Every structure is written in structure tokens, then in C-alpha cells.
Amino acid sequence: MAQPIEAAGRQVAPVVATLARIGHLASALVYATIGTLAARAALGEGGGTTDTHGALRAVLHAPLGQALLGVCAVGFAGNGLWRLVDAVTDAEQHGPGLKGAAARVRTVFVAIAQGALALAAFRLATGGRDSGGHGSSRVAAGLLDLPGGQWLTLAVGLAVVGYGLYQIYRGAIAKLDRRLDLASLPAGTSRWVIPVCRVGIAARGVVAGLVGVLLSRAALRHDPGAAGGIRESLQMVARTGRWPLAVVAVGLIAFAVYQLVRARYRRLA
């Protein structure tokens, strides 16, 4: 039965991949909003620290906000569906073995996160309320309630810290993305696009690492309320000074640029 499922998945993949590109555009909008609000806060011009759900609520109040959120809902849903297709068919050729299996499992978690954002954007676009924004605390609470939950939560937190460090490594040293068709970039553009993308990946790595630190703290304290997401991570940075917050904020805007590059130049099918 595996072969027909895989064949069907590969047939639908090109259509879903197109929707996934819209998802990258939606991610670019969300991270640009998060970064811009944080930069304004760092410069004392209003703004504030927020997360992806807060960014969606901010988009709602922008001109044509409901329409933009409708597009975001379609994009996030398409990106989530693409991740599921990838997990089932290995469309992006993660390969066999433990490394490939881990990559495919990760795509499932990304698909779930994208689905949650799609639902939040859809609710806001249709006049409903988004009840999200406290996902980290809920995740921590669920993990802590499991047998051996404190150790499991700590392990997940440390894994997220490791993921953040890996993203910083990617931004500083490693190749951007083996599936990016950078050769198709207009002449001369890559000289500034690639460094900007690297800064963005590293900045998101910093934020992800801090999310892992907060989750680890929740495990050590056995307190789900000690966990946090992007907003709480940015608040941690803000407590060190406004310039560190400004640097991370600009980095998140750079990550939005990276998402735009992925939308246009990433090979998805």
C-alpha cells in the first residue's frame, strides 16, 4: 500500500508546493511585523515585543488586514500540507536512516505549527478571536503531566536550545539551504541577499535558543508558567538593553527577507 500513497503524494506535491510558497510569504509578513514592533520598542517609538499570534493581530489592524490574513491562512495551511506530503513521501529527499527519519518527524511538528497559525489567521480574518499566544506554557504543562515529565520537559528544552545553536551555526558558517536555487538570483543581488539571510537565520536561532532556555527553566522549576515563546524571549533580550533588542529585531526582519527568498527560489517539487 505504501507505493500508491507515495505516488499520489508526488502527484499532488506540485500544487501543494505552490501553496507552500504563499506560506513562506505569510511567514515573511509575520516575522517582519514581529521585528518591526520590537525595533520600534527598542528605539522608544512605541511597538512592543510580541509573538506570531500577536503579529497576526497586528496585521488585522493594517490596511486590508482581513484580506492579508485570509492569504496568510491559505499560505500557512498550504505550507503545513506540504510538510505532511514531505513527511509521507519524502518529497525533499531527506533520505533513509536516523537522520532522514528525524528530519521527517520534524516536518510533522512544523506542519502542526503551521496548521495552528492557519487556524488563528482564519479566525481573525472572519471576525473571530484568536485564543493562541500561550502555546509554550500549554506544551510545558502537557509534558510535565507525563510520567517523568520533568526530565522529558528538560530534554525537550535542551533540544530546542541545540536547535537554536544549530541555526546560529547555519547563519554564521554552514550553507543556507541545499534546496535554494541561489544561482537564479539576479546578478549582484546575492552579494547582499545572502549575508542578510544569514543574519536572519542566526537571529531566529537566538530566539529559538531562548525559547529552549525558558522551557528548561519551566522543567527545573516544575512550573509551566516559567516557559515562554518568541515574545518572552524578546523580553529577555530587552532586559539586557535596548540595543541588543534592536539587533535581534533587525535580525528578525532579515529573517523575513530570507522567507521571501525561500518563497521565490526554494525548490519544492
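From a predicted model like this one, the values you see are computed outputs, not experimental measurements. Heavy atoms only: backbone and side chains are in, while hydrogens, waters and symmetry mates are out.
- Interatomic distance, L124 CG to R57 CZ, rounded to the nearest 0.5 Å: 7.0 Å.
- With hydrogens and angles disregarded, no donor-acceptor distance shorter than 3.5 Å links the side chain of R83 to the backbone of T107.
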Could you walk me through whether Y258 and F255 pass the ring pair (Phe, Tyr, Trp, His ring centres under 6.0 Å) test, one step at a time? CA-CA 5 Å; Y258 175 57; F255 186 75; 5.8 Å; yes
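- Scanning all heavy atoms of the two residues, the minimum distance from T33 to A58 falls at CG2-CB, 3.9 Å.
- The shortest side-chain heavy-atom distance between L43 and W243 falls under the 4.5 Å cut-off.
- Summarising the geometry of A41 relative to G48, their closest heavy-atom pair is CB-N, 3.6 Å, with the distance given to 0.1 Å.
- When all heavy atoms are compared, the tightest approach of I230 to T50 is CG2-O, 3.7 Å.
- No donor-acceptor distance shorter than 3.5 angstrom exists from the side chain of T153 to the backbone of A219, with no hydrogens or angles considered.
- Proximity of a side-chain donor or acceptor of R217 to a complementary backbone N or O of A226 within less than 3.5 Å is detected.
- Under a hydrophobic-cluster definition in which Ile, Leu, Val, Met, Phe, Trp and Tyr are linked whenever side-chain heavy atoms come within less than 4.5 Å, directly or via other members, V257 and L29 are assigned to the same cluster.
- Minimum interatomic distance between G225 and S137 (heavy atoms only, all atoms of both residues): CA-OG, 4.3 Å.
- Residues P224 and L144 have side chains in contact (heavy-atom distance under 4.5 Å, counting atoms from C-beta outward).
- I201 and V206 fall within the same hydrophobic cluster, defined by Ile, Leu, Val, Met, Phe, Trp and Tyr side-chain heavy atoms under 4.5 Å apart, directly or through other members.
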Walk me through it: do N79 and H24 pass the test side chain to side chain contact (heavy atoms under 4.5 Å, CB included)? CA-CA 8 Å; N79 201 0; H24 288 309; 4.2 Å; yes
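- With values rounded to the nearest 0.5 angstrom, L84 atom CG is found 10.5 Å from Q114 atom CD.
- Residues L214 and E232 approach most closely at CD1-CB, 3.7 Å, considering heavy atoms.
- One N or O on the side chain of R21 and one on the backbone of A263 form a donor-acceptor pair closer than 3.5 Å.
- Between C72 atom SG and L117 atom CG the span is 9.5 Å, to the nearest 0.5 Å.
- Residues V110 and R106 are in side-chain contact: their nearest non-hydrogen atoms beyond the backbone lie under 4.5 Å apart.
- Across all their heavy atoms, A203 and V248 have their closest contact at CB-O, 4.1 Å.
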Could you go through L19 and W82, starting from their C-alpha distance and side-chain angles, then the distance that decides it, and tell me whether this counts as side chain to side chain contact (heavy atoms under 4.5 Å, CB included)? CA-CA 8 Å; L19 294 176; W82 166 254; over 6 Å; no
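- Linking Ile, Leu, Val, Met, Phe, Trp and Tyr residues whenever their side-chain heavy atoms come within less than 4.5 Å places V196 and I194 in a single cluster.
- Residues Q66 and L60 are in side-chain contact: their nearest non-hydrogen atoms beyond the backbone lie under 4.5 Å apart.
- Rounding to the nearest 0.5 Å gives a distance of 11.5 Å between CZ of R204 and OG of S233.
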Derivation of the side chain to side chain contact (heavy atoms under 4.5 Å, CB included) call for I34 and L234: CA-CA 10 Å; I34 294 173; L234 291 175; 3.9 Å; yes
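- Side-chain contact between T49 and L37 is absent, with no heavy-atom pair separated by less than 4.5 Å.
- A side-chain contact (heavy atoms from CB on, under 4.5 Å) with F76 holds for exactly one of L119, T52, V30; it is V30.
- In the hydrophobic clustering of ILVMFWY residues, with side-chain heavy atoms under 4.5 Å counting as a link, Y31 and V250 come out apart.
- You'll find the side chain of L69 stays beyond 4.5 Å of the side chain of R123, heavy atoms only.
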Go through the steps for W151 and V156 under the test side chain to side chain contact (heavy atoms under 4.5 Å, CB included), then give the verdict. CA-CA 9 Å; W151 294 108; V156 173; over 6 Å; no
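- No single ILVMFWY cluster, assembled from side-chain heavy atoms under 4.5 Å apart, contains both V71 and F122.
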